[in-house]
Enquirer: 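The structure follows.
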Amino acid sequence: MIHDVAIIGAGPAGLCLARALSGQGLSIVLLERQAETALADPAFDGREIALTHASQALLEHLGLWQRLPAEEVAVLRDAQVLNGPSLFALKIEAGQAGAERLGHLVANRAIRRAAYEAVQACADVQLRCEVAVTAIRHHEREVELELAGGELLRTRLLVAADSRFSETRRQLGIGARLKDFGKTMLVCRMDHEKPHRQTAWEWFGYGQTLALLPLNGEQSSVVLTLPPREIERLRALDEDAFAREMERRFDRRLGAMRLASERHAYPLVGAYAEKLVGPRCALIGDAAVGMHPVTAHGFNFGLGSVQRLSAAVLAARARREDIAAPSVLARYARQHRLATWPLYQATNLLVDVYTDDRLPLKLLRGAGLRVAQGLLPLKKGIARHLTSPG
């Protein structure tokens with residue numbers, strides 16, 4: 001048997017692509033290293049995903065949004081960017097685009113669970129867990145996958161969706177531009193005394209970067225970026241000592257704070273694949289573009305890759321063409337690169353400038369925010385981008 005599409009990696013991007021392609025007469029197989037129990041009931045990993053209106057619309061279309069528990073979905077109304085100890089903030093408000101909210105915040109584990117459940121309802125998607133691909137061989141009309149243990153799978157189109165450190169990408173001979181920021185981010189949920197007013201914070205402090213993502217009630221997801229050794233020291237503190245440390249780092253702007261979850265740490269590394277497609281293969285999700293989280297575009301870009309690749313594949317099928325023809329994959333690559341490359345570069349530049357504590361750049365940082373705050377068309381443009389339905 002030959003599959004039409006084989007997807008390596010059953011994370012949210014891979015699962016969403018399988019769901020997007022389902023019901024169109026295609027044979028789809030998903031290959032995943034993890035046990036199926038880890039997909040059905042994902043563990044809390046500390047990550048909250050900021051979803052734009054366009055991403056919400058796609059999740060609704062795929063049948064995922066309806067499966068999200070209400071308590072795992074929080075309104076993101078506005079956002080503000082702060083610099084150093086100053087109380088001045090660049091404010092991005094949903095009302096500037098005539099909307100009630102910029103988007104929503106959803107726990108990563110809730111999205112993963114909903115994606116798994118949606119795929120479980122697809123009779124034309126075969127999910128195979130605890131399998132590893134040891135070799136990939138290209139032929140004119142198909143790609144052959146060798147699994148650990150010697151089994152061979154054949155597919156017309158191979159899709160890599162296995163993280164920004166994708167082993168599949170490497171096996172395909174596709175390099176990636178990696179940017180190691182030399183920092184680690186610590187993420188956790190915290191209760192706090194003062195209200196967040198459904199406003200996200202991005203605070204470029206001196207010697208640290210703080211983010212606050214407003215959840216339901218007086219609780220937020222807190223993201224602290226520091227050198228790895230300092231993060232490990234904070235993870236080793238008991239809950240009370242950690243809470244006092246976070247109060248200090250937030251300059252007590254949220255009042256008393258209390259740890260409300262486990263603490264998780266992740267290295268900060270950006271990645272952009274040198275090619276988004278190859279012979280009968282394509283990259284999606286973080287395997288294609290792995291963003292620094294500061295602009296909260298990572299998963300939204302991943303969903304964008306799902307939408308663009310599925311549209312290209314299904315259009316080719318409707319024309320009775322080869323779904324992995326070079327012209328089909330080139331269309332996807334062109335569209336996705338155009339949508340992601342400028343913001344990927346701009347995000348990395350933003351991080352470089354706003355985490356450099358040399359005096360000239362400190363002054364530039366503060367001046368830049370004040371100039372941007374006075375540019376109403378710029379702020380309206382950002383708000384419209386976040387609230388656009390597609």
Side-chain angles (χ1 to χ4, degrees), residues 1-22 26-40 42-43 45 112 115-116 119-120 122 124-178 180 266-267 269 271-290 302 305-306 309-310 313 322-326 328-329 332-333:
M1 174 184 177
I2 181 169
H3 296 281
D4 291 305
V5 183
I7 304 167
I8 301 179
L15 289 166
C16 285
L17 179 64
R19 178 65 187 86
L21 294 174
S22 177
L26 297 171
S27 169
I28 305 159
V29 61
L30 262 168
L31 306 176
E32 171 58 46
R33 286 178 178 267
Q34 294 186 91
E36 190 165 352
T37 53
L39 302 181
D45 62 8
R112 295 175 68 92
Y116 169 80
V119 166
Q120 285 297 103
C122 300
D124 51 0
V125 178
Q126 180 186 4
L127 175 61
R128 298 190 56 179
C129 294
E130 298 182 79
V131 298
V133 177
T134 58
I136 299 173
R137 305 181 186 96
H138 286 86
H139 303 287
E140 183 181 354
R141 303 293 298 174
E142 65 185 53
V143 180
E144 184 180 76
L145 308 178
E146 182 175 338
L147 307 185
E151 181 184 355
L152 298 179
L153 278 179
R154 299 156 60 211
T155 183
R156 293 184 175 86
L157 172 63
L158 173 63
V159 179
D162 53 341
S163 88
R164 67 188 63 200
F165 305 110
S166 172
E167 179 60 27
T168 306
R169 185 179 64 210
R170 180 176 293 275
Q171 287 177 310
L172 290 170
I174 298 176
R177 303 182 186 187
L178 299 178
D180 189 339
Y266 301 95
V269 179
Y272 204 104
E274 292 180 355
K275 296 189 296 181
L276 300 180
V277 299
R280 294 197 167 273
C281 64
L283 312 182
I284 66 168
D286 280 0
V289 185
S305 69
V306 167
L309 181 59
S310 62
V313 167
D322 182 355
I323 63 171
V328 173
L329 300 183
Y332 158 69

Enquirer: Going by heavy atoms in the side chains, are Arg154 and His139 under 4.5 Å from each other?
Expert: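 Side-chain contact under 4.5 Å: no.
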Enquirer: Considering the options Leu329, Leu26, Ile7, which one meets the side-chain contact (heavy atoms from CB on, under 4.5 Å) requirement together with Leu157?
Expert: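 It is Leu329, the one option of Leu329, Leu26, Ile7 that forms the side-chain contact (heavy atoms from CB on, under 4.5 Å) with Leu157.
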Enquirer: What do the steps show when you test Arg164 against Leu178 for side-chain contact (heavy atoms from CB on, under 4.5 Å), and what is the final call?
Expert: CA-CA 9 Å; Arg164 67 188 63 200; Leu178 299 178; over 6 Å; no
Enquirer: Decide yes or no for Ile284 and Tyr332: does some side-chain heavy atom of the first lie under 4.5 Å from some side-chain heavy atom of the second?
Expert: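 Ile284 vs Tyr332: side chains touch.
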Enquirer: Within the side chain of Glu32, is there an N or O that forms a donor-acceptor pair under 3.5 Å with the backbone of Ala10?
Expert: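 Side chain of Glu32 to backbone of Ala10: a pair is present.
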Enquirer: Do any N or O atoms from the side chain of Thr168 and from the backbone of Ala160 form a donor-acceptor pair under 3.5 angstrom?
Expert: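 Here the side-chain-to-backbone pair does not exist.
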Enquirer: Any donor and acceptor pair, going by atom type alone, linking the side chain of Asp4 with main-chain N or O of Ile28 inside 3.5 Å?
Expert: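 No, because the side chain of Asp4 does not come within donor-acceptor range (under 3.5 Å) of the backbone of Ile28.
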Enquirer: Got a donor-acceptor contact below 3.5 angstrom from the Ser310 side chain to the Leu17 backbone?
Expert: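 Absent.
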Enquirer: In chain order, what residues pass the ring pair (Phe, Tyr, Trp, His ring centres under 6.0 Å) check against Tyr116, with sequence neighbours excluded?
Expert: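 Applying ring pair (Phe, Tyr, Trp, His ring centres under 6.0 Å) to Tyr116 gives none.
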Enquirer: Under the side-chain hydrogen bond (donor to acceptor under 3.5 Å, both in side chains) rule, collect the residues that match up with Glu146, sequence neighbours excluded.
Expert: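 Only Arg137 meet the side-chain hydrogen bond (donor to acceptor under 3.5 Å, both in side chains) criterion with Glu146.
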Enquirer: Indicate yes or no: does Glu151 engage Arg128 in a salt bridge with an N to O separation below 4.0 Å.
Expert: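 So Glu151 pairs with Arg128 through a salt bridge.
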Enquirer: Short question: side chain of Arg280, backbone of Glu140 - any donor-acceptor pair under 3.5 Å?
Expert: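 Yes.
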Enquirer: Do side-chain atoms of Arg156 reach the backbone of Asp322 as a donor and acceptor pair under 3.5 angstrom?
Expert: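 No, Arg156 side chain to Asp322 backbone: no donor-acceptor pair under 3.5 Å.
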Enquirer: Do Leu145 and Leu31 have side-chain heavy atoms sitting under 4.5 Å apart?
Expert: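 Counting from C-beta outward, Leu145 and Leu31 do come under 4.5 Å.
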Enquirer: For Asp162 and Arg169, what are the C-alpha separation, side-chain angles and deciding distance, and is it a side-chain contact (heavy atoms from CB on, under 4.5 Å)?
Expert: CA-CA 8 Å; Asp162 53 341; Arg169 185 179 64 210; 5.7 Å; no
